[in-house]
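Accompanying notes for the structure given below.
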Amino acid sequence: MVEYSIWETILLSVLGIIAVFIVLAVLMLFIKVITFVSRVAGGKEKPATPAASDKLAAYAKGSCGDVKLHNVPDKDAAMIMAIVADKLKTPLNELRFISIKMIGE
Amino acid sequence: MVEYSIWETILLSVLGIIAVFIVLAVLMLFIKVITFVSRVAGGKEKPATPAASDKLAAYAKGSCGDVKLHNVPDKDAAMIMAIVADKLKTPLNELRFISIKMIGE
Amino acid sequence: MVEYSIWETILLSVLGIIAVFIVLAVLMLFIKVITFVSRVAGGKEKPATPAASDKLAAYAKGSCGDVKLHNVPDKDAAMIMAIVADKLKTPLNELRFISIKMIGE
Amino acid sequence: MHMIRDIIFGLWESSGLAGIADPRQIIMILISCFLLYLGIKKKFEPLLLVGIAFGMLLTNLPMSGLYHPEFWSLAEVNYSDVFHSGGLLDFLYIGVKTGIYPSLIFLGVGAMTDFGPMLSNPKSLLLGAAAQLGIYCALILAIVLGFPGNVAAAIAIIGGADGPTAIYVTKILAPEYLGPIAIAAYSYMALIPLIQPPIMRALTTQKEREIKMDQLREVSKLEKIIFPIAVTIFTVLILPSVAPLIGCLMLGNLFRECGVTDRLSDTAQNALMNIVTIFLGVSVGATAIYSRFLSLDTIKIIFIGLFAFSFSTVGGLLFGKLMCRLSKGKINPLIGSAGVSAVPMAARVSQIEGQKANPSNFLLMHAMGPNVAGVIGSAVAAGFLLYIYG
Amino acid sequence: MHMIRDIIFGLWESSGLAGIADPRQIIMILISCFLLYLGIKKKFEPLLLVGIAFGMLLTNLPMSGLYHPEFWSLAEVNYSDVFHSGGLLDFLYIGVKTGIYPSLIFLGVGAMTDFGPMLSNPKSLLLGAAAQLGIYCALILAIVLGFPGNVAAAIAIIGGADGPTAIYVTKILAPEYLGPIAIAAYSYMALIPLIQPPIMRALTTQKEREIKMDQLREVSKLEKIIFPIAVTIFTVLILPSVAPLIGCLMLGNLFRECGVTDRLSDTAQNALMNIVTIFLGVSVGATAIYSRFLSLDTIKIIFIGLFAFSFSTVGGLLFGKLMCRLSKGKINPLIGSAGVSAVPMAARVSQIEGQKANPSNFLLMHAMGPNVAGVIGSAVAAGFLLYIYG
Amino acid sequence: MHMIRDIIFGLWESSGLAGIADPRQIIMILISCFLLYLGIKKKFEPLLLVGIAFGMLLTNLPMSGLYHPEFWSLAEVNYSDVFHSGGLLDFLYIGVKTGIYPSLIFLGVGAMTDFGPMLSNPKSLLLGAAAQLGIYCALILAIVLGFPGNVAAAIAIIGGADGPTAIYVTKILAPEYLGPIAIAAYSYMALIPLIQPPIMRALTTQKEREIKMDQLREVSKLEKIIFPIAVTIFTVLILPSVAPLIGCLMLGNLFRECGVTDRLSDTAQNALMNIVTIFLGVSVGATAIYSRFLSLDTIKIIFIGLFAFSFSTVGGLLFGKLMCRLSKGKINPLIGSAGVSAVPMAARVSQIEGQKANPSNFLLMHAMGPNVAGVIGSAVAAGFLLYIYG
Ligand code: NA
Ligand code: NA
Ligand code: NA
C-alpha cells in the first residue's frame, strides 16, 4: 500500500467513481441482454406474479390476502377469514375479507 | 490401509454385503424384541395415533385438520375454520371444515 | 486459590450469603430509583400492558386472544376467530372468541 | 481366506463389543437409559435431560471416539489437536469450554423472562437472595465430605437451581465434574414439586399459608427497559466474573422489552436457544464418561445437591416468614420458596400450596418476583464463588 | 497520470478477467450453470444442488480467494493458516472437514423420519440391506477402473443413495473427490424416478407388481421411543466408525418421538437443518475446483454412480422377489427397490409402479419401511468401508 | 477475621468499581446508554444499534474481560490465545474478523431483496452508481483531515449507506476504527429521513418533483433467476475482493427467486440472519473500547460520515436531474437520492417527497430500483477501495 497525496487522492476518487459507473453500466447492459435472452428463451412464459411473500407482506396487518369465496352453500354460514397474526405480533382486531372458497367435502 | 487386488475386493464385497445383512437382520430381531417388550411393558397403552405433525402435513393444503364442531350456540353464528397457510405459502383459497367446538366462556 | 479449612469455609459462607444479600438489596434500591425516575421521566406514559407474547402464551390453547368484534355489518355473517395452532401442535378443536372487528373495505 | 479371517477378526477387534473392557460402561449405559426414562416418561427437564442422557450414552459406548476426555483435562487445551482428531462431541464441547453455550442459553432465558413482577415488588429480590442459602450450606457440607475447595464450590452452585449458571461455574472450577453436577442440577429442578411442598408445610403455619396478597402494581415500559441496562452496569461492576451470564441475560431481556427488536427476541428464545440446548445437552452428557462418573463422588454430589435444594427452600421460606412478620401479615411466606429460581416451577409450587390452604388464594404472580430474582441471586453467588475459588 | 495508468493496470491484473489462465475455469462455470439449471428447472434435489452449484461457481471464478484447496490437501490441516488467510468458503468448509455438517443433517433427517412403517414390518430391514448391493458392485467396478482402494470406497458409497453418508465417508477417505461424488450422489437421488422404473419393470412380472399388501399394524409410542435408543447402542457397538451419523440420526428421531422435546425436534428439522444445508452445499461445491474436477476420474465417477444406483435397485428388487416367494405372494417385490434410501422418493416410485399395475394398489407405507431401513443400511455399509479403508 | 478482611479487600480489588481507573469509561457507558436511547426510543436501526450499544456497554465495564482488544490488534491474531483466554465477545468477534457475519447478513439481505424494480428499469443502476459519490468525497475529506489512506478508505465507505459493506471493509482496512465507523454508518442510515429531504428540495425544482413516472414493466421469473447468477460471475470477475459480499448477496437472492429453495430463503432471512445480527451487533460494539473510541478521530468520523451521506444524496440527485433532462422529463430526479442504498428507507423518502409535491405521485417502486442498485454500487466501490488500500 502506498500513501497517496491529496491531489493523487482526488485523481483516484475521480477514477473510483468512474469505475463504479463503468461496472454498473456494464451490469445495465447485462440486464438488457438477460431480459432479451429470457424473452427469447422463455417466450411464452408469462411474467412472474409478485412473489407470494411480497403479497403476504403487503397484506400483513390483519388482512386476509386475496382469498376468494365460492360455492358457499348456505348464507347463514357466513365465511370469515381470520389471520392469526401471531408471527407478526400484531393485535388480532383488524379483519378484512374478500372471498372464501369452500372445497367440497 | 492395504491395497486389495480385484479378487480380494470381490471377496471383500461379498463379506461387506453379508455384514450389512447380518447387522440389519440382528436389528430386525432387536425390533421384534422391542415390540414384544413394549407390548408387555405398555400392555394397556393403546397404539400411538399418527403424530400430530403427520396429520398437519396430510391436511396441509388449505384444509382445517380434524376440527370438531360442538355446542355451537347459534345457527346464525356459523363457524369457519381458516387455515392461514402463510408458512406453507399456499394460496388461501381452499377451505375445508369438518367440525368446530366452542369451549365455554 | 487457597484451600480453606472447614471453619474458614463456614465464615466464608456467612460472608457469601451476606454478599448476595447486599448486592440484591442494592439492586432493590436501584429498582426503586428506576421506578421513581421512570415515573418522573415518563410521567404521562401509561403502564405497559402485558407483553403481547405473554398474552399469546396465556391464551395459547385454541383460544383467540383478545380479539374484539365491532361493526359487524350483518348478523348473519357471524364472525369466528380460528387459531391455527400448528405451531403449538395442539388439536384445533377448542375455540373461544370474544370479539372481532371488521375494518372497512 | 486368510484375508477374510483377518478382516472379520479386525472388525471384531475394532468393534465396541470387544472394546467393552470395563463393566462400568454397561452400568453407564443403563444409567443413561434411566435418565432417558426420567426425561421422557417423568418429564424431568426433558429439553436438556434427553440430550444429556443421549450424550452420556454415546460417550460410554466403547470406541465411538465421539468425545476424548483427555483433550479437555489439560491445563491448556490444545485446540489444534481437537480440530485434527476430535470427535463430534469434542467439537460441540468447545461451546461449553468457552462458556458460549451457557451465555447464549441465558440470552434466551432473558428474552423469555418477564421481570415485571419483581419490578413491581422489589422486595422480592431479598427473597431471591435468601433462597441462595442452600449454596453455602452445600459448600460447607461438600468441604466436610472431603471435596477440595474448587470442586465443593462447583457442587454448591447446584443449590442455585439454575442449570446454565451451574454449568458455567463448573466448567471453570471443576470441569471433570460437569456430568454429575449438571445432571443433579437439572434433575432436582424437575423434582421441585416433590422437594419443596413438605418443607413448605413444615415451616409455615396454616394461617400464614392462607394469607392473600394485594394485587401488584403495573410496571411501566420505561422501567422494564431501564432495568436490564441498570442491572448490567451494576452487577458487572461488582462481580465481573459473571459478566457473560448477567450480560447475556439482560441483553436478552432488553431485546424482549424494548419493543423494537422483536425478531431478535424471538430468535433468541427459539431457533438459537434450541440449537444451543441440543449442543449443550449432548456435550455436557459426553463428559459423564464411566471412568469418572462411577465414583463415590457422584453419589456424594447427588446427595449434596438434594441437601442444597432443601436448604435453599428453607432459606427462602424463613426469610419469607420474617418479611411476613415485618409486613404485619401482608406477605405470604410461601412465595419465599420460589426464590430458588427453577423458573417457573418453583413459583407454581407456591401457587399450588397457597391455593391448597386457601382456594381463593392466587400467589403465582407474587411468587414470580422472587422466582426471577433467584436467577440473579444465583449468578451473584456464582460470582462470589468464582472470585474465591477461581 | 502515471499513477492512474498503474492503478488501471493493477486493477486489470488483480481482476479475474486477467486471472483466467485456464479455459477449464470457463468450462467449470458453464458446468455450474448447468447444475443450477438441473437444480432449479429440473428440481434435482434443489436444496443441496443449488448451493453446491453456486459454491462451484464461486470457487472457479479466478482470484476470488473464497476457497483454498491447498489448505485442505495437507495431511495435517493447519487451522491457524485457515483462520488467518482463509476465505469465506474455507471457514464454512471446517464443518465438512470435521464431519459436523453431515451429522447435523442426519439429526434433522432423524427428526423428520417416521420409522413406524419399518417397526411395523421389521422384515423391511432385510430389503434395506439388500439394496446396498450397488455399493459393493460399484466398489469392484471402481477398483477395476483403476481407482485406489480408498477412493473406490468413497465412490462406491454413492450407491447408498444417501447424501450425508456419502459426504461423511468421502471427506474421510478421499476428500479430494468430494465435489464429484457429492454431485453424483445428489443428482442420481433426484433421478431415481427415471433410473428405477425400467429396472423394476424388467425384473418383476405383472403379477408380482399387482400384489396388494396387508395393512400395517400400528406401532406403539413406546416402541418408537425405544427403537432409536436400542439402534444407537447396538449399531455404535458394532460399527463405531459411523457413530456420529447413527448417533445423530437416532437422537433426532428420539427428539421427534419422545413427545417432550418438540421444540428441539422442530429446530433440528428446520432452522438448524436449513442453516447447515446452506453451509454444506456451498462448501462442498467449493471443493469442485477446475484443476481437480475436470478429469477423466469425474466422468468415471458419474458412470460408476449410475451403475451403483442401478445395482442397488436390482439388489432390493431381487431380495423383494425372494421374500415374495417365501411369503407365498404376500409381499410385493416393488417395495424392494425403495430400500436404496433416497427418502421418500424411492418409496414414491414403488407406489407409482404398483398403482400402474393395479390401480387399487397402495404400496407407499409398505415401501417406507425398506426406504428408511436403507438409511441405516447405507450407514452400516459406510462403517464397513471405513473400517477396511479408513 | 484476617481472612475475611482479605476476601473483602480482594473482592473490592477485583471488582469493576476499583477498576474504573479512567473517567473515560464512565463517558463510554453514558454514550452507550445514549445509543440505546437512539435505538430504542428513536428507532435508529434498532436491530443492530441495540446490540452495538450493549456490546459497547459491556466492553467498557472495567474488568469484565468479555473482550480483549490486544488479541485483535496483532498483525497475526493468535487464535490459540483467543480460545484459551478470550471472553465471550472475543469468541463472537471471530465471525467479524473472518468476515463471516457481514457475508451471512448479505445472504439474508439478498433473500429479502426484490431486484425486480431494478431489472424492470436497468437505468436505475446508473443512479445507484452516482449515489456513491459521497464515498469518494469523503475519502478526499478524510485524507485532508489527516487520516492515513487505509483509514480514510474505511471511513469513506460510510457514504455507501450499507452496514455490512462498511463493516466488511473496515475490518480489513482499519479494524481499530470498527466501532465508530459502524455506529456512524447505522446511525446515519436511520437518519436518512432527516438528512435527505432538505437536500432533495434544494436541488430539485417543484416541477421536477411533480413528475409522474410510467408504470414499470413486469419482470419474468427467468430474468430474476438469471440475474443473480450473471451478476455474481461478472462482478466477482472484475472485483474479486468483494466476492464474499456479492456472492452471498446473490446466493441469497437466488434462494429467494428460484422457487425451489423457499425453506433456505426463509432461514437465511430469519433464524440465520437474526442470530448473526445479534452476534455482529454485540461484537462490533465490543470494539468501541474507551481508549480508542474517545478521540478526536471519532468526532471526525461522525462528521465525515454526515458529509458522505449528504454527498451521496447529492450525487444521486444530480444524476437524476441529468436523466430527467435526457429523458425529456420522464424521470423524476427524486428517485436518484434513493441510490444511496439504505434499503428501503431511502426509497420511502423519495416516495414521501414525491407525494408532497404531487399527491397522486407514486414513486416507491421506481425508487426501489436505484435503492437496490445502491447496494451493488457500494460493494463495487468497496472493491475498488480494497484494491487500492488493501
Ligand atoms: Na437461584
Ligand atoms: Na441406502
Ligand atoms: Na450504497
Side-chain angles (χ1 to χ4, degrees), chain A residues 1-61 65-66 84-90, chain F residues 112 114-116 118-120 122-130 132-133 135-137 139-140 142-144 148-150 152 156 173 217-227 230-231 234-235 238-239 256-257 259 262 265-266 269 315 319 373 376-378 380-381 383-385 388-390:
Chain A
M1 205 198 76
V2 211
E3 274 299 331
Y4 295 100
S5 71
I6 291 176
W7 296 113
E8 284 173 325
T9 305
I10 292 175
L11 257 179
L12 203 109
S13 297
V14 172
L15 202 66
I17 190 83
I18 290 172
V20 175
F21 263 103
I22 291 175
V23 174
L24 269 71
V26 176
L27 262 183
M28 183 181 75
L29 297 178
F30 241 66
I31 290 174
K32 295 196 167 177
V33 172
I34 293 172
T35 305
F36 181 76
V37 167
S38 71
R39 278 202 186 147
V40 171
K44 266 94 226 173
E45 211 181 303
K46 60 178 182 181
T49 52
S53 58
D54 292 349
K55 264 190 209 161
L56 280 172
Y59 284 112
K61 284 222 167 177
D66 57 345
V84 179
D86 70 329
K87 274 178 136 182
L88 306 167
K89 313 218 165 181
T90 50
Chain F
M112 292 197 293
D114 178 7
F115 283 102
M118 191 183 93
L119 294 173
S120 170
K123 289 197 201 75
S124 308
L125 277 159
L126 299 180
L127 291 169
Q132 310 312 318
L133 179 67
I135 293 178
Y136 297 102
C137 296
L139 175 66
I140 298 167
I143 295 285
V144 169
N150 58 330
L173 292 182
R217 72 164 182 89
E218 287 200 60
V219 177
S220 74
K221 200 185 162 203
L222 184 58
E223 284 171 84
K224 287 190 169 182
I225 293 175
I226 295 177
F227 169 73
V231 170
F234 173 70
T235 317
I238 295 188
L239 292 163
R256 171 200 175 84
E257 301 295 355
D262 284 351
S265 168
D266 176 57
Q269 288 175 51
F319 202 84
I376 300 173
S378 306
V380 170
F384 181 82
L385 293 178
I388 302 287
Y389 294 105

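We name chains A, B, ... by the order of the sequence lines, and we start the count at 1 in each one.
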Side-chain donor-acceptor distances from residues 26-36 of chain A under 3.5 Å, at least two apart:
| from | atom 1 | to | atom 2 | distance (Å) |
| --- | --- | --- | --- | --- |
| A:Thr35 | OG1 | A:Ile31 | O | 2.8 |
| A:Thr35 | OG1 | F:Arg217 | NH2 | 3.4 |
| A:Thr35 | OG1 | F:Glu223 | OE1 | 2.8 |

For F:Ala130, is it the side chain, the backbone, both, or neither that has a heavy atom closer than 4.5 Å to a heavy atom of chain A?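 Interface part for F:Ala130: both.
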Check whether F:Phe227 gets within reach of chain A through its side chain, its backbone, both or neither, counting any heavy atom under 4.5 Å.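 Contact with chain A involves both backbone and side-chain atoms of F:Phe227.
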Distance, nearest 0.5 Å, that separates CD1 of A:Ile6 from CD1 of F:Ile140: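 Those atoms lie 9.5 Å apart.
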Heavy-atom pairs under 4.5 Å with chain A are the metric here; pick the option from F:Leu119, F:Ile238, F:Thr235 that has the most.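 The candidate making the most pairs under 4.5 Å is F:Leu119.
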Decide whether F:Glu218 and F:Ser120 meet the rule of one side-chain donor and one side-chain acceptor closer than 3.5 Å.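 On atom types as modelled, these side chains do not qualify, holding no pair under 3.5 Å.
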Should the ring pair F:Tyr389 and A:Tyr4 be called parallel, tilted or perpendicular, given that the plane angle runs from 0 to 90° and is split at 30 and 60?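 Perpendicular: the ring planes of F:Tyr389 and A:Tyr4 meet at over 60°.
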